[in-house]
A.B. asks: 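Here's a structure for you.
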Amino acid sequence: MNELSFPWENRPEQCSEPMWRYSANPIIGRYHIPCANSIFNSAVVPFNGGYAGVFRCDNRSVQMNIFAGFSKDGINWDIAHEPIKFKCGNTDFIHSDYKYDPRVTWIEDRYWITWCNGYNGPTIGIGYTFDFKDFFQCENAFLPFNRNGVLFPQKINGMYAMLSRPSDNGHTPFGDIYISYSPDMIFWGKHRVVMKPTPFEQSAWQCLKIGAGAVPMLTDDGWLLFYHGVIHTCNGYRYSLGTAILDKDDPSKVLYRSSPYLLAPAEMYEMTGDVPNVVFPCATLRDGNRVTLYYGAADTTVCIACGYIDEIIEWTKNNSL
Ligand code: BMA
């Protein structure tokens, strides 16, 4: 990849944190395409010498849907003005009442997309594309209600693997991260608990519910996972993000998990918006030791933050629960 095209900013001089925000955040504003009320919680991948992404845009009827986009530099995005129209993938056509919070990952020969799919309530929708032009929808992974379905970027012990967060039909006041396996992207099973919220006294930012964020990244120490954690404050839910390192061969084993948050709502664009006080990680790009994290801010815009993978891993180990 061309060095110049990686979306990145060096650590600011005064900063000693393991991750720092891009100075020109948000990189995608709420009105970036004509129909949009808000664009946030979106996923990007390297594609064709640049980048492609699947973006959550809520329109001005506040209908939630997902849209394809392309970028040369990961910062300036050209997002389609119409939502993705899926063709049949590995099953009959599945109706969606809505689609939101997409994640994207390359596995073997294609880009797989997961999202929260409205099918008699929220559950996990799955689709794939080869080119971000034609998209194919597959079986839903789980029964409703479920959110935050995040695929691993490679099979584990011969099976596709996915993290998810069983939930309810509303603004779920609970939530654990599970892992499930599939031989064929149709049938999912072998469900195991990975992580639960923490006791309030121990790490309060993640004491109500947690959910997988970006596609896990394989490192020498295991799978590095950026996830979100929620606390219920007197003003409502507050979404922050932290890191965990999962065992390479059995990711239901949590090796380390950050007690402090890595990033919490602190900038104006994270503290104000349609849903105040939300940072919601959905994707990373990696260039050697550099990682750029894409996150939704206040359910309104898309932002990025940068860091060095080895430092984030050390920080996670040194600040583990
Ligand atoms: C969750 C989802 C996310 C959103 C979050 C905070 O239930 O709707 O898309 O970012 O709430 O509002």
Side-chain angles (χ1 to χ4, degrees), residues 25-30 36-44 53-59 61-67 83 96-104 113-125 142 144-150 163-178 197 205-215 226-242 261-267 269-283 293-305:
N25 273 346
I27 60 161
I28 301 173
R30 64 184 310 159
N37 163 73
S38 48
I39 308 178
F40 57 108
N41 300 0
S42 300
V44 305
V54 177
F55 295 84
R56 170 177 177 175
C57 303
D58 295 5
N59 70 16
S61 303
V62 196
Q63 295 169 305
M64 305 177 281
N65 217 326
I66 56 177
F67 293 61
S96 298
D97 294 320
Y98 48 79
K99 299 186 180 79
Y100 65 82
D101 294 358
R103 314 305 205 272
V104 186
I113 303 154
T114 52
W115 66 89
C116 183
N117 193 39
Y119 182 78
N120 199 33
T123 185
I124 306 303
F142 307 116
F145 308 113
N146 202 310
R147 293 183 173 100
N148 298 303
V150 179
L163 300 171
S164 77
R165 213 281 309 281
S167 64
D168 67 13
N169 198 14
H171 300 295
T172 316
F174 60 87
D176 307 329
I177 299 177
Y178 283 76
W205 66 269
Q206 50 181 330
C207 71
L208 182 75
K209 57 176 169 175
I210 55 172
V215 166
F226 293 88
Y227 68 96
H228 68 257
V230 182
I231 180 174
H232 191 192
T233 75
C234 52
N235 267 331
Y237 289 169
R238 181 172 190 252
Y239 284 68
S240 305
L241 69 94
Y261 58 71
L262 186 58
L263 221 65
E267 294 293 332
Y269 52 81
E270 298 160 348
M271 296 191 298
T272 62
D274 285 2
V275 182
N277 298 313
V278 179
V279 296
F280 197 93
C282 287
L293 177 71
Y294 286 71
Y295 66 96
D299 285 14
T300 306
T301 61
V302 176
C303 293
I304 57 173

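Everything numeric here is computed off the predicted structure, so don't read it as measured data. Read the numbers this way: they start at 1 and go in the same order the structure lists the ligands and their atoms. Only this structure's heavy atoms are used, side chains among them; waters, hydrogens and symmetry mates stay out.
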A.B. asks: Looking only at protein heavy atoms, identify the closest one to atom 2 (C) of ligand 1 and say how far it is in Å.
C.D. replies: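 Looking only at protein heavy atoms, the one closest to atom 2 (C) of ligand 1 is D101 OD2, 3.6 Å.
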A.B. asks: Which ligand 1 atoms are under 4.0 Å away from a heavy-atom of V275?
C.D. replies: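 Contacts of ligand 1 toward V275, numbered from 1: 12 (O).
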A.B. asks: What is the nearest protein non-hydrogen atom to atom 12 (O) of ligand 1, stated with its residue, atom name and distance?
C.D. replies: D299 OD2, 2.7 Å
A.B. asks: Would you say ligand 1 has an N or O under 3.5 Å from any N or O of Y100?
C.D. replies: no
A.B. asks: Looking at N37 and N59, would you say the former's side chain and the latter's main chain have a donor-acceptor pair under 3.5 Å?
C.D. replies: no
A.B. asks: So which bit of H171 gets within less than 4.0 Å of ligand 1, heavy atoms only: side chain, backbone, both or neither?
C.D. replies: neither
A.B. asks: When you measure from the side chain of T114 to the backbone of G149, do you find a donor-acceptor pair of N or O atoms at a distance under 3.5 Å?
C.D. replies: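 Yes, because the side chain of T114 sits within donor-acceptor range (under 3.5 Å) of the backbone of G149.
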A.B. asks: Heavy-atom contacts with Y239 under 4.0 Å: which atoms of ligand 1 show up? List them by number with element.
C.D. replies: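 Under 4.0 Å from Y239, ligand 1 has these atoms: 1 (C), 5 (C), 6 (C), 7 (O), 11 (O).
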A.B. asks: Which atoms form the tightest heavy-atom contact between V279 and H228, and what is the distance?
C.D. replies: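 Closest heavy-atom pair between V279 and H228: O-CB, 4.5 Å.
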A.B. asks: Output a table of donor-acceptor pairs, distance under 3.5 Å, between side-chain atoms of residues 234-241 and any protein atom two or more places apart or on a different chain; print 'none' if there are none.
C.D. replies:
residue: Y237; atom: OH; partner: H171; partner atom: O; Å: 2.8
residue: R238; atom: NH2; partner: P265; partner atom: O; Å: 3.1
residue: Y239; atom: OH; partner: K209; partner atom: NZ; Å: 3.3

A.B. asks: Would you list the pairs meeting salt bridge (Lys or Arg N to Asp or Glu O under 4.0 Å) in which at least one residue belongs to residues 269-280, sequence neighbours left out?
C.D. replies: R21-E270, R30-D274
